[in-house]
2 protein chains.
Amino acid sequence: MVKKKTNTEQRIVDAAKEVFILKGHDGARMQEIADTASINKALLHYYFRSKDKLFERVFHEVFSEAFSSIAEVIGRANTIEELIEYFVSYYVAMLKSKPYLPNFILHELNRNPFMVVDLIKDSGMDKSFLIQLLVKESNRKDIRDFNPVHIMVNILSLSIFPFVAAPIIKGFIFDGNKVEFDNFIDERTQHITSFINAAIFKNQS
Amino acid sequence: MVKKKTNTEQRIVDAAKEVFILKGHDGARMQEIADTASINKALLHYYFRSKDKLFERVFHEVFSEAFSSIAEVIGRANTIEELIEYFVSYYVAMLKSKPYLPNFILHELNRNPFMVVDLIKDSGMDKSFLIQLLVKESNRKDIRDFNPVHIMVNILSLSIFPFVAAPIIKGFIFDGNKVEFDNFIDERTQHITSFINAAIFKNQS
DNA sequence: GTCTATAACCGGATAGAC
DNA sequence: GTCTATCCGGTTATAGAC
């Protein structure tokens with residue numbers, strides 16, 4: 001049986017998550033984390049030896065929040081239609097509830113690319129299954145001739161990028177109007193799936 | 001006539017650009033910038049009063065490298081086909097030569113969202129022209145019924161995101177093979193334009 | 001303008017009492 | 001486990017000679 005984590009330890013991790021997400025690894029201050037957790041700096045070092053160790057813990061937790069169930073979602077798909085639908089609806093819904101995720105991960109991707117890529121490889125996401133499915137489906141008569149890798153990148157781009165660029169879309173396109181932006185996000189799953197389907201299927205009017 | 005900038009000043013800005021892009025605002029060190037420019041720290045403060053002032057100068061320069069000609073490119077478009085072609089080919093080519101740009105700007109977008117959005121507004125990019133063109137074109141009989149804002153965001157997403165996520169695509173999809181990744185980028189302009197065209201135009205086989 | 005030396009400060013980490 | 005007090009290295013910024 002897993003030993004129950006102390007209350008303080010979780011409080012620290014939660015506070016660290018908040019500050020690291022807001023300020024990034026380099027911008028975050030141990031003092032601010034301590035203040036947010038309502039404890040003192042020394043205690044941070046008692047639970048986690050260093051800032052880097054604390055960050056590592058936070059990153060792993062945040063990362064698995066994002067990727068723990070994606071492999072299973074993909075695995076259920078038998079056709080490209082299902083893959084698109086499952087993938088997009090899962091990603092957009094998940095990012096709607098955790099909009100900070102893409103920037104947090106991309107930030108670390110720049111500081112430490114190999115570590116992040118290794119984490120993705122270990123996440124259970126089955127690349128060969130994905131490629132196999134896409135290659136098989138690309139032979140269908142009703143589907144246009146596209147490179148499966150581009151299709152995969154397109155699905156990711158259309159789902160994730162609006163969250164990465166959210167302040168620009170909100171500020172520039174919607175003049176800071178939060179309601180209009182939220183509407184836009186709510187329409188997004190439906191729009192992306194029909195947009196991609198229109199692109200890859202032949203003979204639709 | 002504009003006074004010619006001293007050699008040293010430009011050397012500092014170039015060095016700062018390099019370091020800030022690589023390490024980000026918070027991760028960059030004035031010492032490293034000085035070393036890169038082959039001068040000493042004191043001289044940095046002689047030319048620019050503080051780290052923040054130097055960063056501001058660098059950011060403005062990098063930003064205008066990215067956006068100075070985009071407004072003119074968009075302005076030449078009369079139809080949605082032209083808009084897509086001009087926009088995608090300009091962006092992908094520009095990002096191919098400056099792949100660091102998206103992350104640098106997105107990083108600052110998190111630190112300072114309003115400043116970045118204000119810069120975009122002042123960049124001469126004519127939002128109403130863009131919307132007007134898209135709305136007009138969306139009435140065409142040969143075009144599917146799509147929300148113009150989503151189309152605009154799609155064009156941006158498909159063009160920019162692969163550069164943002166480059167280490168993941170390179171590392172995870174292409175197993176670190178740089179040549180395959182470069183090929184992928186070279187195919188990208190062509191792929192995106194035909195993908196978007198297939199999505200928005202009716203009755204294509 | 002450019003340098004060396006140093007001030008002033010900040011932030012991560014530790015010592016040691018309770 | 002939790003606290004206060006403090007250390008110590010590193011970083012921005014300045015003083016002052018040349």
Sequence neighbours excluded, which residues qualify as side chain to side chain donor-acceptor pair (under 3.5 Å) partners of B:Asn78?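 None.
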
Test of understanding: with side chain to side chain donor-acceptor pair (under 3.5 Å), list the residues that count as partners of B:Asn183, not counting sequence neighbours.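 B:Asn183: no side chain to side chain donor-acceptor pair (under 3.5 Å) contacts found.
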
Distances for protein N/O vs nucleotides 2-4 of chain D N/O pairs under 3.5 angstrom?
from, atom 1, to, atom 2, distance (Å)
D:dT2, OP1, A:Thr8, OG1, 2.9
D:dT2, OP2, A:Thr8, OG1, 3.3
D:dT2, OP2, A:Tyr47, OH, 2.6
D:dC3, OP2, A:Asn40, ND2, 2.9
D:dC3, O5', A:Asn40, ND2, 2.8

So does B:His45 get a side-chain nitrogen or oxygen closer than 4.0 Å to the phosphate oxygens (OP1/OP2) of D:dT14?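 So the side chain of B:His45 is outside the cut-off, no N or O lying under 4.0 Å from OP1 or OP2 of D:dT14.
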
Tell me, which of residues 17-37 of chain B have any heavy atom that sits under 4.0 Å from an atom in DNA chain D?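 Close to the strand are B:Ala28, B:Arg29, B:Met30.
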
Pairs under 3.5 angstrom only: tabulate donor-acceptor contacts from the side chains of residues 86-93 of chain B to other protein residues two or more places apart or in another chain.
from, atom 1, to, atom 2, distance (Å)
B:Ser89, OG, B:Glu85, O, 2.6
B:Ser89, OG, B:Tyr86, O, 3.4
B:Tyr90, OH, B:Ser69, OG, 2.7

Would you call A:Glu61-A:Lys17 a salt bridge at under 4.0 Å N-O?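 A:Lys17 and A:Glu61: salt-bridged.
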
Interatomic distance, [X] [atom1] vs [N] [atom2] [rounded to whole Å]:
| X | N | atom1 | atom2 | value |
| --- | --- | --- | --- | --- |
| B:Lys51 | D:dG10 | NZ | P | 16 Å |
| A:Leu44 | C:dT14 | CG | C1' | 13 Å |
| B:Ile12 | C:dG1 | CD1 | P | 10 Å |

Please tabulate, for the side chains in residues 192-201 of chain B, all donor-acceptor contacts under 3.5 angstrom to protein atoms that are two or more places apart in sequence or on a different chain.
from, atom 1, to, atom 2, distance (Å)
B:Thr193, OG1, B:Thr189, O, 3.0
B:Thr193, OG1, B:Gln190, O, 2.9
B:Ser194, OG, B:Gln190, O, 3.0
B:Ser194, OG, B:His191, O, 3.2
B:Asn197, ND2, B:Thr193, O, 3.2

side-chain contact (heavy atoms from CB on, under 4.5 Å) partners of B:Leu109, counting only residues at least two apart: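 With neighbours one apart ignored, the set is A:Pro167, A:Ile168, B:Leu106, B:Val116.
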
Please list all pairs meeting side chain to side chain donor-acceptor pair (under 3.5 Å) that have one or both residues in residues 39-56 of chain B, counting only residues at least two apart or in different chains.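 Found B:His25-B:Asp52.
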
Under the salt bridge (Lys or Arg N to Asp or Glu O under 4.0 Å) definition, can you give me all pairs with a residue in residues 94-106 of chain B, not counting sequence neighbours?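 Every pair satisfying salt bridge (Lys or Arg N to Asp or Glu O under 4.0 Å) with a residue in residues 94-106 of chain B: B:Glu65-B:Lys98, B:Lys96-B:Asp186.
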
